[in-house]
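Each chain gets a letter, A, B and so on, in the order the sequences are listed, and its residues count up from 1. Both backbone and side-chain heavy atoms feed into the values below; hydrogens, waters and symmetry mates do not.
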Amino acid sequence: MPVAVARSTIPLANIAAACLVAACLAAAPARAKDTGLIFVSNEKTNNIIILDPKTLKIVKDLKVSRRPRDMHFNADHTKLYVACGDDDVIDVVDVAKLEVVGKIATGASPETFALDEARDRLYVSNEEASSVSVIDIKEGITIHEVPTGAEPEGVYVDATGKNVYATSEVGDLVHLIDPEAGAVVNDVVVGTRPRRFAATPDGKKLWVTTEMSGEVWIIDRDSFTADGKIEFLPPGMRKVDVTPVGITMTKDGKTAIVTLGHAGFIAFVDVATRAVQNYVLVGKRAWGVTLSKDEKTAYVANGLGDDITIVDTASRKALQSVAVGRIPWGVVIDE
Amino acid sequence: MNKLAFLAAALCATVARAQTPAPPAAPPRMTIDYVELADDARYEPLRAFARYILLDRDHPFAGATLGVNDAKPLSRVLKADHQLERVTVKTPEEMADAIVKANDAGVNFFIVDAPAEAFRAIAAAVKGRDLLLFNVSAPEDWLRRDLCSPEIVHTMPSRAQLMDGLNQFLVSKKWRNILVFRGPKPEDNETAEAYERSAKKFGARIVATQDFTPGTDPREREKNNPALLSAINADWDVTFVADIDYDFVREVSYHTVRPRPVVGASDLVPAAWHWTWDHNGAPQVNTRFSKLANGRHMDSPDFAAWMAVKLITQSALRTNGGDFKARRAFILGPGSFDGDKGEAMSIRPWDHQMRQGILLGSPYSVVAEAPIEGFLHQKDVLDTLGDDEPETTCHLNR
């Protein structure tokens with residue numbers, strides 16, 4: 001039974017934000033401008049560095065709430081949602097104006113989230129609260145606070161909106177959550193410290209990075225069982241340095257890119273054969289990874305290098321690194 | 001309803017209840033015993049002169065509890081729950097008895113929170129039994145090297161690991177000349193010895209070792225005045241202080257004849273854990289712990305107890321609820337454990353010491369984590385800390 005929990009914090013700001021968003025939507029045509037701008041969230045400097053895609057110069061240093069991490073655009077790219085861990089909110093950025101125009105309250109320390117716009121739902125992992133918040137974006141209320149294993153991180157919602165998946169870093173589990181019931185309904189045990197997801201485009205497999213065991217585990221969604229794993233070892237590195245976190249997949253479902261954390265490499269994986277094709281050296285503690293729309297370029301956030309590395313996916317070579325804020329977490333592109 | 005009808009109805013209800021299958025019972029429980037000594041002097045609050053409490057200390061039961069809490073979501077998969085049973089006894093002999101009795105009753109895993117001396121009686125009493133004891137608070141090297149018991153696993157770092165962590169840091173800074181102040185307690189002597197052994201290993205040089213006597217007696221001033229103790233005929237880089245009582249060491253900083261940093265018992269302290277450690281998911285661990293322990297900061301024994309429970313619960317998970325022998329093999333095997341300090345941890349097969357990073361903590365920050373970059377090892381970089389296989393006298397794997 002869904003229980004509507006009224007937001008206890010910053011109600012006024014929320015109302016104001018909702019009004020602002022509404023006003024903004026009314027005034028500006030809700031159309032993507034495909035600016036190509038590159039957005040990088042920085043955990044320690046509490047800002048989003050916005051880079052020009054051609055010159056790679058900083059267009060704007062956008063102050064947001066504290067400890068910004070995961071970011072997602074809405075479908076028409078008018079809004080960018082930013083999870084801000086130390087203020088327990090998701091900031092809403094107006095992409096045309098490059099301004100924060102609203103805040104959505106979450107549980108304690110939101111880290112990553114999944115957006116289901118068709119159903120007005122946000123699924124947020126709250127690292128400190130050991131829960132996933134199910135939030136109604138329109139109403140701005142938390143519908144459920146689903147208890148998970150400790151330190152939930154990756155969140156994925158499937159196309160039907162009926163199955164939500166979340167990792168528990170401490171529990172070594174992937175939870176299957178029924179968002180209507182607001183409860184975990186099943187678990188799969190994976191490697192040590194599971195972090196983030198990428199789904200194959202057919203929706204059949206879910207790839208999960210497991211940081212401490214240095215692997216990617218593959219979950220078969222139909223049977224909800226582990227269906228194999230992939231190990232990584234870039235040349236000259238030790239197993240203990242390989243700490244996979246970020247992951248993304250090409251739209252054709254042929255290639256996955258996995259960031260290997262402290263090893264400072266990313267791996268290109270052939271999805272069909274599950275074989276590692278290339279390792280590309282990037283920067284210190286490679287975490288978030290995003291592909292450009294044309295998939296010619298990958299952007300990697302190097303958390304302990306305070307920079308991002310731009311990788312050419314055809315030649316599988318790092319082209320250059322660009323300094324951003326302190327402890328960059330992730331990258332998204334407005335295109 | 002008359003009386004009889006009521007009685008009949010009640011009876012029917014009782015019968016019905018007896019016949020329906022039991023409601024989904026709470027999952028079976030796997031018990032971990034937490035054994036401790038009452039009046040363990042190691043957990044008395046550290047006091048300054050005139051009753052100021054410098055540091056509240058407590059048994060690491062909260063660390064073990066955090067481990068059990070963290071494992072709760074696993075109960076759906078394990079179809080069983082782990083629970084802690086706290087057993088408080090008065091003497092080491094009683095402790096050995098309590099462990100043997102619990103083992104007879106089916107408990108295989110024990111968190112033993114006891115000073116090193118207590119392990120002699122315990123190790124003798126449990127020899128050959130199907131159990132694992134986790135040492136979560138005694139850093140003594142002789143426990144690993146000499147007692148060398150196959151039934152004991154040490155999740156608390158050894159003195160050798162702690163001192164190696166400290167020396168890696170000092171040597172990486174090229175602060176190689178060390179003045180040692182050694183206190184009067186046996187532990188101080190052991191600490192100074194461990195430090196010296198480690199200094200030799202990493203190429204630091206002990207310029208002088210000065211024995212101190214805490215106090216203000218003017219006749220003892222050569223022994224109780226840091227300025228006089230440090231007025232030696234040589235320069236040095238760092239003052240290492242071995243002072244288990246945390247008393248004299250508080251007077252050393254700013255009182256030596258030369259301005260030299262203090263390490264060891266205070267100022268820069270090698271430890272298993274630190275409340276400001278903020279990498280590898282540690283902030284969440286610290287927050288969960290403080291909530292549980294009424295605001296107390298997580299300390300090294302808490303970390304060791306938390307890890308011990310993690311090893312135990314993981315062994316159930318990874319062997320699909322296997323028997324004790326399978327779980328023991330998993331814990332002592334090559335598996336890797338996540339302890340929120342970066343490198344994956346595991347148990348050394350030769351002396352059952354847990355490999356782990358060492359945090360070099362100042363009062364408000366972690367200055368560095370050892371292994372320090374550049375100290376390499378042919379197999380596992382964590383084996384640059386503490387007794388490596390060729391160095392040890394304990395060979396449980398042979």
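Both the backbone and the side chain of Ala344(B) come within less than 4.5 Å of a heavy atom of chain A. The contact between Thr148(A) and chain B is made entirely by backbone atoms, counting heavy-atom distances below 4.5 Å.
Put simply, of Ser213(A), Ser168(A), Gly214(A), Ala150(A), the one with the most heavy-atom pairs under 4.5 Å next to chain B is Ala150(A). Contact count against chain A (heavy-atom pairs under 4.5 Å) is highest for Asp340(B) among Asn280(B), Asn69(B), Asp340(B), Val285(B). Heavy-atom pairs under 4.5 Å with chain B were tallied for Asp187(A), Thr192(A), Val184(A); the largest tally goes to Asp187(A). Per-residue counts of heavy-atom pairs under 4.5 Å with chain A were compared for Asp70(B), Leu382(B), Val381(B), Thr313(B); the largest is that of Asp70(B). Listed options Val188(A), Asn186(A), Val190(A), Asp241(A) were ranked by heavy-atom pairs under 4.5 angstrom with chain B; first place goes to Val190(A).
Of the charged side-chain nitrogens involved, none lies within less than 4.0 Å of a carboxylate oxygen, so that Asp387(B) and Arg144(B) do not count as a salt-bridged pair. Look at Lys379(B) and Asp388(B) and you find no salt bridge, because none of the NZ, NE, NH1 or NH2 atoms lies under 4.0 Å from a carboxylate O.
In this structure, the ring of Phe202(B) has its center less than 6.0 angstrom from the ring center of Phe375(B).
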Check the pair Ser137(B) / Asp113(B) against side chain to side chain donor-acceptor pair (under 3.5 Å), numbers first and verdict last. CA-CA 6 Å; Ser137(B) 54; Asp113(B) 170 26; 2.9 Å; yes

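Under the 3.5 Å distance criterion, with hydrogens and angles disregarded, a donor-acceptor pair is assigned to the side chains of Asn286(B) and Trp273(B).
Figure legend: Lys310(B) and Trp306(B) shown as a cation-pi pair, the cationic atom lying under 6.0 angstrom from the six-membered ring centre and within 45 degrees of its axis.
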